[in-house]
Structures are given as structure tokens and as C-alpha cells.
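Worksheet: one structure, shown below.
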Amino acid sequence: MASANVSKLELTNKEHETSRGSSSLWVEAFKNLFRNPSAIIGMGVIGFLILVALTAPIVATHDPETPLFGAPGETGRLPGKPPCVPALGCDDTLHYLGLDLNARDQFSRILFGARQSLFVGSVTIAVAIFAGTLLGITAGYAGGWVDNAIMRVMDVLLAFPSLLLAISIVTILGPGLMNALLGITITFIPQYARLSRASVLSLKEQEFVTAERALGAGPLRIVIDHILPNSITPIIVQGTLGIGTAVLDAAALSFLGLGAQPPQAEWGLMLSEARNRVFTEPHLVFFPGIAIMITVLGFNLLGDGMRDALDPRLNRN
Amino acid sequence: MKSMWRMLPVSALVLIILSLASTPAHGQQLASVSAESCDYGGELFAIEALDELTVKFTLCFPDPAFPQKAAFAAFSIHPSEYLQATGGTGDLLTKPIGTGPYRIERWDFGNELVLSRFDDYWGEPAREQTLIFRWNTEATSRLLELQAGTVDGIDNVGAGDFEIIENDPNLQLFERPGTNVFYLGINNTVPPFDNVLVRQAIAHAIDRERLVENFYPRGSIVARQFLPPVIFGYTRDVEPYHYNLEQARELLEQSGVELPIRTTLSYRDVVRTYLPQPSVIAQDIQAQLAEIGIETEIVVMESGAFLDAAAAGQLSLHLLGWSADFPDATNFLDFHFGAGAQPQFGEKFDAITEPLARAGRIAEPQERLEIYSEANTAIRDLVPMVPIAHGGSATAFHVDIAGGHASPLAAEYFAVMNDMDDDTLVWMQNAEPISLYCNDESDGETLRACEQINESLLAYEIGGTDVVPSLARSFEVNDDATEYIFHLRDGVRFHNGSAFDANDVVVSWQTLWDASSPLHVGRDGDFSYFSGFFLAFLNDDGGA
């Protein structure tokens with residue numbers, strides 16, 4: 001009896017050490033992250049976008065969904081009016097990025113569009129990580145037919161080109177931003193299920209897990225306390241990279257008329273509405289395109305930086 | 001396609017009387033065709049050659065618009081011998097023989113259609129020896145070719161190119177007035193649009209000037225009523241609703257309807273002369289409706305599905321338009337609001353259907369106009385739809401082309417055009433003709449090519465919509481507009497040298513009308529304009 005108590009005590013101490021060790025690993029990782037130039041640029045871009053999204057109602061010069069026909073100070077032909085900044089010598093009403101074909105202020109629309117893109121990107125990935133990890137860990141830890149059943153469904157989902165799968169889902173549910181969000185989420189789930197299952201499979205045979213089990217810990221406790229913290233790194237990296245892809249997919253769905261609906265300010269929708277005007281009103285295509293590019297670039301840079309910082313095999317020290 | 005043999009028993013219904021009694025000049029019998037009764041549901045009862053140069057049409061019910069219909073290119077006259085020799089298809093589709101100012105020289109499929117002057121033409125001969133049709137779907141490409149001088153004239157100038165052409169001293173622009181209408185359809189079976197006050201509020205809330213000014217090409221006009229001003233039946237005295245948000249809000253308040261009203265606004269993403277920028281115009285209308293508390297969700301539908309759903313009355317608010325087939329009120333009003341119209345706008349109103357039925361059966365123009373004024377007033381008051389615009393378009397020609405014009409019916413007539421530089425006129429339109437047997441075609445690009453080669457009994461004036469004599473030099477009509485007697489022009493020759501006579505008229509029409517005729521074949525056998533204008537085919541057992 002006494003000896004058992006001693007060994008448990010030792011184990012507890014050991015556990016403390018591990019957790020102390022892991023927290024210092026996190027600190028190390030953050031240090032690495034802040035030494036990584038691409039991660040810093042990525043964080044800067046994303047931070048700026050978040051700021052834009054939060055302050056859009058204050059910074060925007062006009063309502064993003066109201067045509068400006070007959071508004072005070074507006075002169076000349078409004079649809080597709082080119083950018084005009086009085087400070088730069090244009091002596092007309094202020095429109096930093098011009099007006100769109102419905103005479104709505106494009107600068108304001110781009111700002112509000114950041115809200116849609118960031119919202120779609122982060123929510124889809126968050127939900128996909130949650131659902132995917134849950135499925136992957138269940139499959140990996142339970143094994144047997146549960147594993148087979150879950151992973152074969154994931155294989156089927158992975159067999160479809162992701163955008164095509166999203167299009168099919170949205171076509172069934174009907175167009176709209178929320179349905180697009182759901183469609184994209186479903187296409188992302190298998191990635192995280194696979195990643196987390198792979199981690200679980202390698203971790204669950206590790207000695208510290210066996211020891212925990214020998215001490216009588218239930219599966220839930222083992223998963224939450226030991227397996228999840230040790231397998232979360234690749235998922236975070238994959239998730240950051242995934243936000244960029246999700247933003248792109250959402251824009252693609254909106255471009256196809258399946259995502260955001262008019263008159264919503266959404267970058268993909270803005271591109272789609274002006275797609276025939278590339279040569280006559282280039283500003284209508286240029287600015288939403290640049291906005292999408294910068295957002296995706298930001299998440300990709302951060303994701304790459306995170307992978308460098310969090311992957312121990314790439315550790316420069 | 002039905003086989004001839006299966007149709008034989010049905011064709012017993014037709015009485016094709018090849019009368020021997022008259023005195024045929026060419027030793028020919030006079031043809032006639034008649035239905036047994038009017039029970040088959042169509043407009044025509046009989047077509048008879050009274051003598052070599054006289055044809056009589058007997059109708060089942062009065063139709064004052066019959067001459068307008070008979071002038072249409074889908075009822076052109078072909079040599080009866082050639083129709084029989086080709087069996088109503090085959091060479092007829094690509095090498096038609098007509099009486100027009102141009103005859104077909106060669107059709108290089110996918111590339112160009114070459115026509116040459118017909119020297120024995122009965123009227124003013126064509127000014128140019130050669131007329132070439134070319135095509136390109138892109139407005140900018142057409143303009144580039146015109147600027148480069150490789151073509152002499154183009155159709156459908158791009159919305160942004162009007163000023164470019166006007167400012168170019170080498171080019172001339174001809175605006176085509178809109179013989180079409182774009183409207184916001186309101187289905188009165190969808191609450192709260194069953195309340196006339198709500199529909200009137202919508203009519204007051206739409207700023208049509210803003211739509212036309214900002215989104216339509218030059219030459220487009222704000223619609224005061226469903227009919228465009230150039231179409232017979234337009235009555236200027238009917239005042240339209242004016243844009244007035246105050247009044248719209250007041251009407252909504254009177255209606256007692258709870259705001260906001262939430263509904264759908266459907267359209268198809270297809271460019272038409274009446275709807276040059278579908279998505280932009282739909283969004284502007286959405287924003288305008290939002291001003292008075294009608295919140296709409298835009299629904300973009302596939303073209304065919306949209307038309308079907310609209311015709312079946314399944315849509316709430318929807319954006320659609322109509323282009324003139326022939327210049328008469330019946331083509332616009334009866335099709336949309338008549339007793340036999342589709343339930344596109346929901347329940348029909350006696351106040352509209354009754355005058356339309358009356359006007360359709362009166363021949364005297366002034367009297368008809370007075371009734372149309374009544375119908376137009378009822379349509380305004382009951383608001384089954386809000387007419388928005390008549391979309392304009394334009395043609396452009398090189399400055400050295402004399403006689404250039406734009407026809408409101410898109411039926412430009414090239415025989416009057418003269419190229420001072422050389423003896424060839426090159427015209428570039430949107431698309432290649434589908435076939436040159438236009439009695440079985442409905443596409444405008446196709447009809448225009450046919451109109452240079454084949455002619456109908458009557459024609460539309462060049463650059464206008466009035467009906468003028470063509471192969472018939474005159475016609476008589478009885479008092480109740482059920483019998484038309486056409487006096488044909490003497491000495492008219494077909495391109496193959498054969499003489500034109502009354503039998504050619506009867507056989508050309510019979511080919512269209514009689515579904516059991518072995519010549520009723522065409523390209524796809526739809527003959528959609530015939531069935532659209534004259535309601536039904538003879539001996540049509542539904543399998544054709």
C-alpha cells in the first residue's frame with residue numbers, strides 16, 4: 001500500500017515537471033515566433049485587418065449599402081466613378097477608392113468587407129478544428145470499427161475537390177453567407193480529423209500514457225490532460241494556414257453567387273459584380289482583389305512562421 | 001419528327017381544293033386550304049387563291065392586327081415548287097429562293113454570309129452589288145472592326161461606346177428607339193401585394209428616371225406605361241405614377257400593412273435590350289424598395305427556370321421585359337394582361353381583360369385607341385406591374401455609307417445603303433444566322449438576314465414600324481376584320497426566275513399552318529412565331 005502511494009507521488013511530481021517543461025516549450029515557441037520575420041509581418045497584417053474590421057463603422061466615409069444617387073455633394077455620373085481624394089488634387093467629393101456600379105462608396109465597402117472575410121475565415125476554421133479534432137481523437141483513441149467508420153467518411157469527404165464540395169453543399173442548402181460558412185466548414189473538417197488522429201496514434205502508445213492508464217485514469221482525462229496538449233501544435237499551424245484558404249473559398253463562393261448576397265459588402269461578391277469592367281473601370285476589380293490577396297497573404301505568412309516556430313525538428317537552437 | 005404516313009389519316013381533315021374552275025394563266029390550278037371548323041383553336045380558317053394574283057384569308061375571329069403580323073419575316077413567301085422540291089427543309093434552310101433585293105451567293109458557315117444584288121427585283125434595286133454579313137458577340141470587337149474599316153456597319157453599340165462613335169468624324173451613330181419594355185412584376189396572390197394600395201405604393205417608390213439615366217444606354221426612355229410610344233395602342237393621356245416617396249409611405253400606411261415587408265426579388269442574369277445590366281439594376285431597385293420599408297432578398301435564377309416560374313405565377317416581385325414581335329398593342333397587352341394570359345401577375349382583373357378583348361376585335365384605329373386608353377388606365381390603377389424603361393440600342397456606320405439607319409424592329413434594310421468607296425457593304429451583327437428559312441426561326445439576328453432575301457405579303461417601313469405594301473400591293477378587309485383579301489403585285493420574279501403568284505402565298509402559309517403537311521418540317525419544326533401569333537396549328541395532334 002505504502003509503496004503504491006510513493007510511486008503515485010513520484011508520478012505526480014513527474015507530471016508537474018512535464019507540465020512545467022511544456023509551458024517553457026510554449027514560451028520558447030513564442031520567442032521563436034517573434035524572431036521569425038514572416039510571422040511578424042503576418043501578425044502585423046492580421047492585426048491591421050482586425051483593427052479595420054472593428055473600426056469599420058467609425059472609419060468608413062459612407063454607408064456601404066446605400067447608393068449615393070442624389071446625396072449632397074455628388075456630381076456627374078456616379079456609377080463606377082473613379083477614386084477621388086481632394087487632398088491629392090481631385091476637386092470632387094471624397095471617395096478614396098471610387099464608387100461601384102451601384103454608386104456605393106467602395107472604400108466603405110472594402111472596410112466592411114473585412115468583417116465578413118475575417119468572420120468567415122475564423123469561424124469556419126474554429127468550428128472545423130473543434131469538430132475535426134473531436135472526430136480524429138475519438139477515432140484514434142477508440143480504434144477498431146469506430147476508427148474505421150469515422151475515417152472512411154473523412155476519406156470520402158477528402159476525395160472531393162474542396163470548393164466543389166462546398167458548392168454542392170451550398171447548392172443544396174441555398175445561397176447565403178451562413179450556408180457558405182457551413183459548406184466551407186464541412187470541407188475543412190477531414191484535415192483536422194486526420195491530423196489529430198495521427199497524433200493520437202503516436203501518443204497513445206507512449207510510456208507516460210501507458211503509465212497514466214495503469215494508474216486508472218479514464219480515457220477522457222488522458223485525452224484532455226495528455227494527448228490534446230501534445231497534439232495541438234500541428235493543428236494550430238494548419239488552422240492558421242487554413243483561415244487563408246477559407247477566406248479564399250468564401251470569396252469564391254460569393255463570386256459564384258452562392259455566398260454573400262447583394263447588397264452585402266463582401267470582396268468576392270464585389271469582384272463578381274465588376275468582373276466585366278476590368279478594362280473600363282479597373283478600380284472596381286483591383287481593390288477587392290488586393291484586399292483578398294493581402295488577407296490571404298497575412299494568414300499564410302503567419303502560418304508559415306508558426307510552423308517554423310513550433311516544429312521542434314526545425315528548431316534552430 | 002412524324003412520318004408522313006402516320007399523318008395521312010389526319011390530313012383528311014384538310015380540304016385542299018385544287019380547283020379546276022378558274023382560268024390559270026400558267027396552266028396551273030389555284031390552291032386553297034381550309035379548316036373544317038374553328039374548333040381546332042387557331043385564328044386562321046381558310047386561305048384561298050381567288051385568282052392568280054389575289055389571296056383571301058378568312059379568320060375565325062376578328063384580328064385588326066393581321067396586317068402587322070403578315071408583314072413579319074417569319075411569314076415570308078417562298079416558291080411553291082421549291083418548297084415541294086426541298087420537302088420543307090434541307091437546301092431550303094441554307095439556300096432559300098426569295099423575291100428580295102438580295103439573293104444568296106454563298107454562306108461560309110462560321111465565317112460570313114455573302115449576298116449579291118438581284119437584278120430583276122420588282123422594286124428599287126439594291127444600291128450595292130454585294131452585301132456581306134459577319135458577326136462577333138463582343139461589342140468592343142465589333143467597334144474595333146468598324147474603326148479599322150474592315151466592316152461598314154455594326155449592330156448593338158456597347159453602352160459605353162456611344163460617345164466614342166459620336167466623337168469620331170469617321171463614324172455615324174443611329175439610335176434605335178426601344179420597342180420593348182422593362183417592368184417590375186408584382187404577383188397579387190402573394191400577400192401583402194394582394195392589396196392594391198401596396199402595389200400603388202411600389203409604383204410611387206420606383207425612381208425610373210434614376211434607373212434610366214444611370215444604367216441604360218442613350219436612346220432609352222422612361223416608361224410611362226407598358227406600351228412603348230412607337231407601338232400602336234400607346235395612349236399619352238394616361239398619366240403614369242410619379243416618383244414620390246411621401247405618397248408611397250402614405251399609401252402603405254393607409255393599407256394597414258405591417259412594415260417591413262419581407263419578400264423576394266427575382267430576375268435572370270441575362271442581358272437584353274430592355275435590361276442592359278441585370279444585377280446592377282436589380283440592386284438599385286432593391287435599394288429603392290428598401291426606402292419605403294420593403295426588404296427584398298435578391299434571387300438570381302437560370303433563364304429558362306425563371307421564365308417558367310414567372311409564367312406559372314410562382315414569383316413574388318420579379319424583373320422581366322418584353323420586346324415587340326410586331327408593332328401592335330395586342331403583342332404586348334393581350335399576352336400579359338388578356339383573359340388568356342399566364343398568371344404571371346396573379347389574379348386577372350375584368351377592368352383590364354374586358355377592354356382588351358373589345359379592342360382586339362375592332363378594326364377602326366381611332367375607336368381601338370379609345371379602348372386602349374381605357375385598358376391602359378385600368379393597368380395603371382391596378383398595378384399588375386410597374387413599367388420602368390424602354391431600352392434603346394444603336395447601330396453605327398462608316399461616315400461614307402449613305403442610307404444607314406436603325407430599325408425599331410431591328411429589321412435594318414440594306415438595299416437602300418450605299419458605300420461610296422466600293423461596291424461591297426459589310427455588316428457585322430452579334431451572331432450568325434441560325435438558318436435562312438426564317439418561317440421556322442425566331443432569333444432576331446437570323447430574321448435580319450432573311451429579310452434581305454425573302455419578302456412577306458406586307459412589310460414594315462424602312463426604319464419604322466408602319467405597315468407598307470410589299471408582295472401585296474394592297475389589301476381589303478371586311479368590317480369586322482375577319483376577311484382579308486390581298487392583291488398581289490404583278491410581274492414579281494423569284495431569284496430562280498420563276499414567277500410569283502397566289503399559289504406561292506397559299507403553299508408558303510399552308511406549310512406553316514398545317515401540321516400534317518409533308519412540308520411542315522423546317523429546321524426544328526417549332527414554327528414558334530406562327531403558333532404564337534395564330535394560336536394553333538391545323539391538324540396538330542400534339543405529336544409534332
Side-chain angles (χ1 to χ4, degrees), chain A residues 62-71 74-82 98-106 108-109 170-171 173-179 253-266 268-282 284-285, chain B residues 137-141 143-144 158-164 205-218 243-245 262-271 276-291 294-303 305-306 319:
Chain A
H62 299 79
D63 183 280
E65 294 180 7
T66 307
L68 295 174
F69 295 112
E74 302 294 344
T75 51
R77 197 183 148 71
L78 298 185
K81 201 174 181 180
L99 295 179
D100 76 356
L101 295 171
N102 277 94
R104 296 171 296 212
D105 182 66
Q106 185 155 236
S108 310
R109 285 178 74 73
V170 177
T171 309
L173 298 175
L177 197 62
M178 282 302 142
N179 290 342
L253 284 178
S254 296
F255 185 88
L256 295 173
L258 296 169
Q261 293 299 305
Q264 277 181 317
E266 205 274 348
L269 187 63
M270 291 167 74
L271 266 183
S272 156
E273 280 167 358
R275 66 187 184 278
N276 293 328
R277 307 299 182 103
V278 184
F279 298 111
T280 47
E281 281 108 0
L284 297 183
V285 185
Chain B
T137 51
E138 294 298 319
T140 41
S141 309
L143 179 59
L144 280 176
D161 299 336
F162 281 63
E163 265 139 46
I164 297 174
I206 301 293
D207 187 350
R208 294 165 299 169
E209 275 84 8
R210 156 169 149 184
L211 288 163
V212 171
E213 199 178 303
N214 288 293
F215 306 125
Y216 279 79
R218 282 241 317 273
Y243 173 60
N244 187 336
L245 284 181
R262 287 201 175 81
T263 188
T264 54
L265 177 65
S266 314
Y267 73 98
R268 53 176 178 162
D269 199 3
V270 173
V271 173
Q277 303 185 64
S279 107
V280 176
I281 290 171
Q283 288 192 47
D284 201 54
I285 290 175
Q286 182 187 38
Q288 295 191 15
L289 290 173
E291 291 274 322
I294 300 179
E295 290 177 6
T296 53
E297 182 198 334
I298 288 185
V299 180
V300 189
M301 296 175 71
E302 190 276 324
S303 177
F306 172 74
L319 303 174

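In what follows, chains are A, B, ... by sequence order, proteins preceding strands, each numbered from 1. No hydrogens, no waters, no symmetry mates; every other heavy atom, side chains included, goes into these values.
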Contacting moiety of [X], where chain A heavy atoms sit under 4.5 Å:
X      : result
B:Q283 : both
B:V280 : both
B:Q277 : side chain

I need the minimum non-hydrogen distance between [X] and [Y], along with the two atoms involved.
X      : Y      : value
A:L78  : B:N214 : N-OD1, 4.5 Å
A:N102 : B:F215 : ND2-CZ, 4.3 Å
B:I298 : A:Q261 : O-OE1, 3.8 Å

Answer whether the closest heavy-atom distance between the side chains of B:R210 and A:P67 falls below 4.5 Å.
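Side-chain contact under 4.5 Å: yes.
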A:Q264 atom CD, over 12 foreign heavy atoms within 6.0 Å:
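Yes, enclosed.
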B:D207 vs A:F69, side-chain contact (heavy atoms from CB on, under 4.5 Å): CA-CA, chis, key distance, verdict:
CA-CA 11 Å; B:D207 187 350; A:F69 295 112; over 6 Å; no
Which atoms of A:P263 come close to chain B, meaning under 4.5 Å heavy atom to heavy atom: side chain ones, backbone ones, both, or neither?
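Contact with chain B is through both the backbone and side chain of A:P263.
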